[in-house]
Amino acid sequence: LNSLNRAMDKLSKNQGVSNLDLSKMTFNVNQYQRTATAMNNVSSGMLGGANMLANIYMLSRIGNAFGTTIQKANDYIETMNLFSVVMGENTRQASEFVYSLEAIGVDMEQAMRYQASFYDIGKSLGLTAKNANTLSEQFTKLTYDYASLYNLPVEESFQKLQAAIVGTTEPIRRLGKDISIAKLEEVALNLGIEESVRNMTQAEKAELRFIAVMQQSTAAMNDMERTIDQPANALRVLKAQFTSLVRDLGNLFIPIVSAVLPYLIALAKFLREVVSGIAAFFGIDMFKLDFNTVNSSLGVADKYTSDLSD
């Protein structure tokens, strides 16, 4: 009987150990569950933060796209104003010419800007309105033909012709065109002009440069139309059409922006007054540019520069 009791006691003690082990296991399982829950909360927080960042990024891209459309529309408005002011009484004729270029898929805003620039330079050099208009039309068209023939960015082609009008020889020489004094003398003689180019007025020299460039550009003339279906020109047309599309979208929003702007300006002024009021309350002097101090600082800088040079 004693042996039996001892055996029972032993079993009872073993059962207590088993219960203890089971309690430890239950505790470990609960701890794991709590850890898993915490990790899940962290993951959910990170996912929520990532979603928020993605939404902010998308909103910023939409805002940038909206800003681009408005900017393109504004650029067109400003260019139209420049065009009408510069071309003056020739605006109607010049507009008809620019719209005729639409057949080869050019960007109207860009073409107007180029023609106004050529015309303005011609007038500043002393050309008559008629000759300045002729130069502006021909060089605007030639800008696109050069870009097509020599596979140049349109803006680079424009800059080369712009430089040629004022007598800068290097840019146009890179395309094989010569507008040196010797070449102008030759062109003048062929036209029956015996006067030395060096004694001519700026207007006469500009007209000779124009004639010289046009005579040397017969191979390039109308190249844009001839090769409009080639990939390079097709991409130029696509880019121009996409720019026009963006500008047209901007024109849809311009009335809304124009209506909202006065309120935004008023809000900005109000916020400035609030900031100034807060600064005054705390005794903070708002920064104002003192040009006398700036000039004094520049004088000191010049003095030190002179000392270093010595």
Side-chain angles (χ1 to χ4, degrees), residues 75-104 106-148 152 154-173 175 177-181 183-193 195-218 220-224:
D75 288 345
Y76 186 69
I77 293 170
E78 293 298 324
T79 299
M80 286 185 65
N81 179 63
L82 170 70
F83 187 76
S84 61
V85 170
V86 170
M87 301 305 297
E89 61 184 16
N90 292 307
T91 300
R92 180 186 294 275
Q93 180 183 344
S95 297
E96 292 174 356
F97 168 75
V98 169
Y99 284 115
S100 72
L101 296 178
E102 195 172 10
I104 57 175
V106 306
D107 177 17
M108 294 294 97
E109 185 271 333
Q110 184 186 61
M112 283 194 293
R113 179 160 45 85
Y114 289 168
Q115 185 173 5
S117 178
F118 286 134
Y119 184 90
D120 200 24
I121 294 173
K123 287 289 290 182
S124 69
L125 291 173
L127 271 66
T128 63
K130 179 182 177 181
N131 288 347
N133 189 56
T134 300
L135 182 149
S136 67
E137 287 185 358
Q138 296 301 318
F139 267 20
T140 299
K141 179 64 171 57
L142 196 58
T143 293
Y144 294 99
D145 289 331
Y146 272 4
S148 172
L152 298 172
V154 177
E155 187 68 21
E156 182 179 344
S157 176
F158 163 70
Q159 290 171 359
K160 289 181 183 298
L161 285 169
Q162 192 179 43
I165 299 175
V166 297
T168 305
T169 60
E170 184 59 27
I172 200 73
R173 183 179 292 167
L175 300 182
K177 310 298 183 271
D178 183 13
I179 56 169
S180 63
I181 294 296
K183 181 63 179 179
L184 298 184
E185 293 280 7
E186 179 185 331
V187 172
L189 286 174
N190 290 336
L191 294 173
I193 302 172
E195 181 184 0
S196 172
V197 172
R198 297 184 186 278
N199 297 330
M200 292 182 180
T201 64
Q202 288 296 323
E204 291 169 338
K205 290 178 183 177
E207 290 172 350
L208 283 177
R209 293 185 199 110
F210 168 66
I211 294 170
V213 169
M214 296 303 294
Q215 287 178 347
Q216 297 173 72
S217 300
T218 53
M221 291 178 184
N222 300 319
D223 190 78
M224 186 74 174

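This one's a predicted model, so the numbers in the text were calculated from it and none came from an experiment.
- Side-chain atoms of K177 and S217, non-hydrogen and from C-beta on, do get closer than 4.5 Å to each other.
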Considering only distance and modelled atom types, tabulate donor-acceptor pairs under 3.5 Å from the side chains of residues 206-216, sequence neighbours left out.
residue : atom : partner : partner atom : Å
E207    : OE2  : N131    : ND2          : 3.0
R209    : NH1  : I165    : O            : 2.8
Q216    : OE1  : D178    : N            : 2.9
Q216    : NE2  : D178    : O            : 2.9
Q216    : NE2  : A212    : O            : 3.0

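- With sequence neighbours excluded, the residues satisfying side-chain hydrogen bond (donor to acceptor under 3.5 Å, both in side chains) with N222 are K141.
- Atom CE in M221 sits 8.5 Å away from atom CG in D145 (nearest 0.5 Å).
- Once rounded to the nearest 0.5 Å, the distance linking CZ of R113 with CE of M80 reads 15.0 Å.
- With contacts defined as side-chain heavy-atom distances shorter than 4.5 Å, the pair L189/E186 does not qualify.
- Separating the CG atom in L184 from the OG1 atom in T169 is a distance of 10.5 Å, to the nearest 0.5 Å.
- For the atom pair OG1 (T143) and CD (Q159), the distance works out to 10.5 Å, reported to the nearest 0.5 Å.
- When every heavy atom of A132 is checked against every heavy atom of G122, the shortest pair comes out as CB-C, 4.4 Å.
- Looking at heavy atoms from C-beta onward, Q93 lies in side-chain contact with E137 at the 4.5 angstrom threshold.
- Side-chain contact check for M87 versus N133: some heavy-atom pair is nearer than 4.5 Å.
- Contact between Y144 and D107 at its shortest, heavy atoms only, is OH-O, 4.1 Å.
- Atoms CZ and CD, on F83 and E109 in that order, are 11.5 Å from each other to the nearest 0.5 Å.
- From L135, atom CG reaches atom CD of Q115 across 10.0 Å, with rounding to the nearest 0.5 Å.
- Between the side chain of K130 and the main chain of T128, no donor-acceptor pair closer than 3.5 Å is present.
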*Taking it one step at a time, do L152 and L175 satisfy side chain to side chain contact (heavy atoms under 4.5 Å, CB included)?*
CA-CA 11 Å; L152 298 172; L175 300 182; 4.0 Å; yes
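- Considering only heavy atoms from C-beta on, E155 comes within 4.5 Å of Y114 through its side chain.
- Residues passing the side-chain hydrogen bond (donor to acceptor under 3.5 Å, both in side chains) test with S148 are D223, T227, N233, sequence neighbours excluded.
- Annotation for E170: atom CD counts as buried by contact number, over 12 foreign heavy atoms lying within 6.0 Å.
- Between T140 and L101, some side-chain heavy-atom pair lies under the 4.5 Å cut-off.
- In this structure the side chain of S157 never reaches within 4.5 angstrom of the side chain of K160, judged on heavy atoms.
- Residues E185 and I181 meet the side-chain proximity criterion, which asks for heavy atoms closer than 4.5 Å.
- Residues S84 and N81 approach most closely at OG-O, 2.9 Å, considering heavy atoms.
- With sequence neighbours excluded, the residues that form a side-chain hydrogen bond (donor to acceptor under 3.5 Å, both in side chains) with S117 are Q162.
- Legend: residues meeting side chain to side chain contact (heavy atoms under 4.5 Å, CB included) with T218, ordered by chain and number and at least two apart, are absent.
- Using cut-offs of 30° and 60° for the angle between ring planes, the F139 and F118 rings count as perpendicular.
- Minimum heavy-atom separation, V86 to A116: CG1-O, 3.4 Å.
- Between R92 and E96, none of the side-chain N atoms (NZ, or NE/NH1/NH2) sits under 4.0 Å from a carboxylate O, so this pair counts as no salt bridge.
- Shown here are the ring pair (Phe, Tyr, Trp, His ring centres under 6.0 Å) partners of Y146, two or more places apart in sequence or in another chain: Y150.
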